[in-house]
Amino acid sequence: MYLVLQRDGDAEPTRWRYDFKKLMSVEREDIERRTGRNFAQFTQDVLQGNSLCRRALLFTYLRREHPKTKFEDVDFGWDELKLEYSKQEFESMRENVLETLHGDELAAALASIDKSLETAFDDTEAGGKAALPIAE
């Protein structure tokens with residue numbers, strides 16, 4: 001999964017690989033302090049679109065590149081920041097729905113996943129099957 005920032009006027013988006021397991025403990029603790037959530041809840045809230053959680057995540061990645069970045073300075077239009085699944089993650093989802101859904105539900109899920117696969121970012125760095133972002 002990727003956190004993707006594309007501001008108006010940017011030719012290309014900035015893309016960070018979001019793997020909650022790869023965040024450092026100091027980053028996780030900072031996120032917990034800033035959001036008031038334990039890290040497991042934070043990961044779920046990021047996926048569900050919580051603004052504060054997404055801002056804290058963006059801050060974490062921006063601070064890696066620009067250590068003097070201040071949280072107060074991190075601002076974005078809602079349509080400028082999104083989470084994207086990689087092609088490999090969509091392929092994994094496709095396998096899962098083939099095993100769990102039937103009939104019209106299966107057809108609808110496959111149509112949606114296949115449409116998303118057409119434009120999904122190819123995450124060749126992941127190697128092998130992609131794990132979906134669920135907190136442990």
Side-chain angles (χ1 to χ4, degrees):
M1 174 169 279
Y2 287 88
L3 181 69
V4 181
L5 177 66
Q6 185 162 17
R7 299 195 185 275
D8 289 339
D10 286 352
E12 293 294 322
T14 303
R15 186 180 308 272
W16 296 274
R17 182 192 304 269
Y18 172 47
D19 181 348
F20 69 90
K21 295 177 189 175
K22 299 292 184 187
L23 292 176
M24 301 304 292
S25 60
V26 170
E27 293 172 327
R28 291 168 66 127
E29 291 166 10
D30 184 63
I31 285 170
E32 288 180 340
R33 276 192 298 276
R34 289 185 188 282
T35 64
R37 291 163 172 79
N38 67 48
F39 197 72
Q41 184 62 51
F42 164 82
T43 61
Q44 292 302 309
D45 288 349
V46 164
L47 293 176
Q48 293 173 5
N50 180 283
S51 298
L52 177 62
C53 292
R54 288 194 179 187
R55 181 177 177 206
L57 185 60
L58 176 60
F59 171 69
T60 300
Y61 287 113
L62 289 172
R63 192 168 53 175
R64 284 180 179 180
E65 296 172 4
H66 309 283
K68 294 185 181 196
T69 300
K70 294 180 182 168
F71 186 75
E72 298 77 31
D73 295 334
V74 176
D75 196 19
F76 56 90
W78 189 246
D79 63 342
E80 295 176 337
L81 187 71
K82 61 185 174 179
L83 289 171
E84 289 181 355
Y85 289 109
S86 69
K87 185 177 213 170
Q88 289 73 12
E89 288 167 321
F90 278 119
E91 289 168 349
S92 179
M93 285 182 218
R94 194 175 199 289
E95 288 176 22
N96 289 340
V97 299
L98 282 169
E99 295 173 5
T100 58
L101 299 179
H102 305 285
D104 291 343
E105 281 185 323
L106 175 60
L110 289 176
S112 176
I113 291 169
D114 290 345
K115 184 174 190 229
S116 297
L117 264 168
E118 293 173 9
T119 58
F121 185 73
D122 190 1
D123 187 3
T124 54
E125 291 180 33
K129 276 191 153 182
L132 297 178
I134 310 270
E136 296 177 335

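All values reported here derive from a predicted model rather than from experimental measurement.
- In this structure, Arg17 and Leu3 have side chains that are not in contact, with every pair of non-hydrogen atoms separated by 4.5 Å or more.
- In the hydrophobic clustering of this structure, Val26 does not group with Phe39; members are Ile, Leu, Val, Met, Phe, Trp, Tyr whose side-chain heavy atoms approach within less than 4.5 Å, directly or through other members.
- Here the OG1-CD distance, from Thr14 to Glu80, works out to 11.0 Å after rounding to the nearest 0.5 Å.
- Here CZ of Phe59 is found 12.0 Å from NE2 of His66. Values are rounded to the nearest 0.5 Å.
- Going from atom CG of Asp19 over to atom OH of Tyr2 covers 10.0 Å, rounded to the nearest 0.5 Å.
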Derivation of the side-chain contact (heavy atoms from CB on, under 4.5 Å) call for Gln88 and Asp122: CA-CA 7 Å; Gln88 289 73 12; Asp122 190 1; 2.6 Å; yes

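- Side-chain contact between Leu57 and Phe42 is present, with heavy atoms from C-beta onward closer than 4.5 Å.
- One hydrophobic cluster, built from ILVMFWY side chains closer than 4.5 Å, cannot hold both Phe71 and Met24; they sit in different ones.
- If you take CZ on Phe20 and CD on Gln44, they are separated by 9.0 Å, rounding to the nearest 0.5 Å.
- Scanning both residues, Glu84 and Glu89, for their nearest heavy atoms gives O-OE1, 4.3 Å.
- The main-chain N or O of Ser92 is never found under 3.5 Å from a side-chain atom of Glu95 such that the two would form a donor-acceptor pair.
- Between the Ser116 side chain and the Ser112 main chain, a donor and an acceptor come within less than 3.5 Å of each other.
- The side chain to side chain donor-acceptor pair (under 3.5 Å) pairs that include a residue from residues 53-63 are Asp30-Arg63, where partners are two or more places apart or lie in different chains.
- Environment of CG in Asp104: sparse, with no more than 12 heavy atoms of neighbouring residues, nucleotides or ligands closer than 6.0 Å.
- Residues Leu83 and Tyr18 approach most closely at CD2-CD2, 4.3 Å, considering heavy atoms.
- Between Trp16 and Leu58, some side-chain heavy-atom pair lies under the 4.5 Å cut-off.
- Taking both residues in full, the closest heavy atoms of Thr69 and Leu62 are given as OG1-O, 3.9 Å, listed atom of the first, atom of the second, then distance.
- In this structure, the side chain of Asp10 does not engage the main chain of Pro13 through any donor-acceptor pair within 3.5 Å.
- Gln6 approaches Ala11 most closely through the heavy-atom pair NE2-O, 3.6 Å.
- Heavy atoms only, all atoms of each residue included: Arg94 and Leu117 are closest at CD-CD1, 4.3 Å.
- One distance of note links OG1 of Thr43 with CD of Gln41; it measures 7.5 Å at 0.5 Å rounding.
- Nearest heavy atom pair, residue Thr35 against residue Ala56, reads CG2-CB, 3.8 Å.
- The distance from atom CZ of Arg28 to atom NZ of Lys21, rounded to the nearest 0.5 Å, is 10.5 Å.
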